Amino acid sequence: MLTILQLFYVAQAFYKITINLTKASILLLYLRIFIQRPFLIMCYAMLGIILSYMVATFFSSVFQCTPIPRAWDKTIHGTCISIPKNWYANAGFSIATDLIILVLPMPIIYQSHLPSNQKMALMFVFALGAL
């Protein structure tokens, strides 16, 4: 059981890294596709927010307890942050950034000079990211 709890502890930190790097890769893809200056500024701002949050949540996962081994062994005397509150905050941030990343290219596509059916098809393809 101790080994499972240690693996869960490590997995929490790597989860925060992988989920945010995935979002960063989508934003980097947007930077290659779209060229409008306001859109690029928004993408860079989102990249900064997501990567900053990734670093912060990684360290909050690693140092969630003092001393660190208390994260997987509650018999050790020490303190921990509220794990459920941490999870809820992470979920809220993740959902919000997911929605922003999903909606970000839609106005650009809508304003493009493509025929209406192609606009809708392209918006649908980008909206598939919600799945």
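Given the structure is predicted, the values throughout are model-derived calculations rather than measurements.
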Taking the side chain as every heavy atom from C-beta outward, state whether [X] and [Y] have any atom pair closer than 4.5 Å.
X: Leu31; Y: Phe39; value: no
X: Leu21; Y: Ile50; value: no
X: His77; Y: Pro67; value: no
X: Tyr30; Y: Leu47; value: no
X: Phe34; Y: Ile109; value: yes
X: Gln12; Y: Trp87; value: yes
X: Leu104; Y: Cys43; value: yes
X: Phe93; Y: Tyr53; value: yes

Can you tell me how far the [atom1] atom of [X] sits from the [atom2] atom of [Y], to the nearest 0.5 Å?
X: Ile101; Y: Ile26; atom1: CD1; atom2: CD1; value: 6.0 Å
X: Leu114; Y: Met123; atom1: CG; atom2: CE; value: 11.5 Å
X: Leu27; Y: Thr22; atom1: CG; atom2: OG1; value: 11.0 Å
X: Ile100; Y: Leu102; atom1: CD1; atom2: CG; value: 11.0 Å
X: Lys74; Y: Leu5; atom1: NZ; atom2: CG; value: 8.5 Å

Would a single hydrophobic cluster contain both [Y] and [X], if residues Ile, Leu, Val, Met, Phe, Trp and Tyr are joined by side-chain heavy-atom contacts under 4.5 Å?
X: Val103; Y: Tyr110; answer: no
X: Val55; Y: Val62; answer: yes
X: Leu29; Y: Met46; answer: yes
X: Met42; Y: Tyr44; answer: yes
X: Leu7; Y: Tyr15; answer: no

Closest heavy-atom pair and its distance - [X], [Y]:
X: Asn20; Y: Lys16; answer: ND2-O, 2.8 Å
X: Thr97; Y: Ser94; answer: OG1-O, 3.1 Å
X: Met106; Y: Ala127; answer: CE-N, 3.7 Å
X: Tyr9; Y: Phe63; answer: OH-N, 4.4 Å
X: Ser61; Y: Ala13; answer: CB-CA, 4.1 Å
X: Arg70; Y: Ile76; answer: NH1-O, 2.8 Å

Q) With a 3.5 Å cut-off and no angle check, do the side chains of Lys119 and Ser112 form a donor-acceptor pair? A)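 Their side chains do not contain a donor-acceptor pair, so the 3.5 Å distance test is not met.
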
Q: Answer yes or no: are there more than 12 heavy-atom neighbours, outside Met54 itself, under 6.0 Å from its atom CE?
A: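 Enclosed.
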
Q: Step through the shown structure and confirm whether more than 12 heavy atoms of other residues, nucleotides or ligands are within 6.0 Å of CD1 on Ile35.
A: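 No, the 6.0 Å shell around CD1 holds no more than 12 heavy atoms from other groups.
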
Q.
Would Thr79 and Cys65 count as a side-chain contact (heavy atoms from CB on, under 4.5 Å) here? Give the steps.
A. CA-CA 6 Å; Thr79 60; Cys65 292; over 6 Å; no

Q.
Between Ile33 and Phe126, does the side-chain contact (heavy atoms from CB on, under 4.5 Å) criterion hold? Intermediate values first, please.
A. CA-CA 12 Å; Ile33 296 173; Phe126 276 96; 4.3 Å; yes

Q: Give a yes or no on whether the backbone of Ile108 and the side-chain of Gln111 come within a donor-acceptor separation of less than 3.5 Å.
A: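 It does not hold such a pair.
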
